[in-house]
Amino acid sequence: GPAVRFEGVTKHYGDTAALAGIDLDIAPGSFVALVGSSGSGKSTLLKTINRLIAPTAGRVFIDGGDVAGEEPHRLRRRIGYVFQNIGLLPHMTVAENIAIGLRIDGRAENGRVAELLEMVDLPADFARRMPDALSGGQRQRVGVARALATEPDLMLMDEPFGALDPVTRDQLGERVRALHDQLGLTTLLVTHDMAEALLIADRVLVMDHGRIAADALPADLIAGK
Ligand code: ADP
Ligand code: ADP
């Protein structure tokens, strides 16, 4: 996966500084967790990477390229995005939902859906199901499969397991970490669950009022350093 760099990134909403000058380097292929209380700027930081949000000032680079100069559709093809209560299209089957990015690109499905279902540990016959016949955890798995369909090298995950029970959370967390390793992704995961962050990530960033308040290795946080 690519390197991601933030240079002096701020985002203001009126008087609120959602991001108050972020300077940050994410190493290629790393798995970084963003934790911090609600409203600390985690989602905003993530969305400046795939240009769902334009910074008020500062720049975001992927492998040295300023995202502001990238065509949004190209950017979103290389950046997988998974969020809470993933929006599956209700009138489309699981297969059609997973393949939507491929269809937009005019690419043939070519067995890719079956491969993606297997990657997220869902049975092959789920391809024909409708989204309302899935559990919350199964839906989030389909969301991960959809995000991976266009072969991104960067994954942004915003509380992807936030609404799930603890056992399902743990299983999905492990799966996502394994996929990260297998596919050589760079992954940024927003979570309010510090235990999850410590378990999955290589590096934990704690956000507070639009700043990076702490930047540590899980082992050091566990040892209380
Ligand atoms: P987190 O993901 O850590 O919960 P957010 O990035 O969603 O935090 O929000 C950071 C701050 O920016 C909060 O104070 C939030 O209220 C504010 N904010 C986010 N989006 C908007 C918006 N569209 N309009 C106004 N304020 C916003
Ligand atoms: P919010 O934090 O405002 O609730 P979400 O993070 O849930 O917003 O979703 C942001 C929007 O981005 C959604 O409406 C979703 O449809 C859209 N979206 C879905 N996939 C992608 C993608 N790969 N890249 C950019 N935007 C996407």
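Order of appearance sets the numbers: ligands from 1, and atoms from 1 within every ligand. Note that the structure is predicted; figures quoted are calculated from it, not measured.
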**Student:** Who are the salt bridge (Lys or Arg N to Asp or Glu O under 4.0 Å) partners of Glu109, not counting sequence neighbours?
**Tutor:**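 Not a single residue meets the salt bridge (Lys or Arg N to Asp or Glu O under 4.0 Å) criterion with Glu109.
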**Student:** Measuring only between side-chain heavy atoms, which start at C-beta, is Phe6 closer than 4.5 Å to Ile49?
**Tutor:**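 When only atoms from C-beta onward are counted, Ile49 and Phe6 do touch, with a gap below 4.5 Å.
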**Student:** Might you point out which heavy atoms bring Pro218 and Ala201 nearest each other, and give the distance in Å?
**Tutor:**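 Heavy atoms of Pro218 and Ala201 come nearest at CG-O, 3.1 Å.
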**Student:** Under the criterion salt bridge (charged side-chain N to carboxylate O under 4.0 Å, His left out), I'd like the reasoning laid out for Glu174 against Arg177: C-alpha separation, chi angles, the key distance, then a yes or no.
**Tutor:** CA-CA 5 Å; Glu174 274 174 34; Arg177 175 71 214 205; over 6 Å; no
**Student:** For Thr56 and His12, does a side-chain donor sit closer than 3.5 Å to a side-chain acceptor?
**Tutor:**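 Absent: no donor and acceptor within the cut-off.
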**Student:** Among Leu183, Leu185, Val176, which residue meets the side-chain contact (heavy atoms from CB on, under 4.5 Å) test with Met155?
**Tutor:**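 Single side-chain contact (heavy atoms from CB on, under 4.5 Å) partner of Met155 among Leu183, Leu185, Val176: Leu185.
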**Student:** Heavy atoms under 4.0 Å from ligand 1: which residues qualify?
**Tutor:**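 Within the 4.0 Å shell of ligand 1, which is judged on heavy atoms, sit Tyr13, Thr16, Ala18, Ser37, Ser38, Gly39, Ser40, Gly41, Lys42, Ser43, Thr44.
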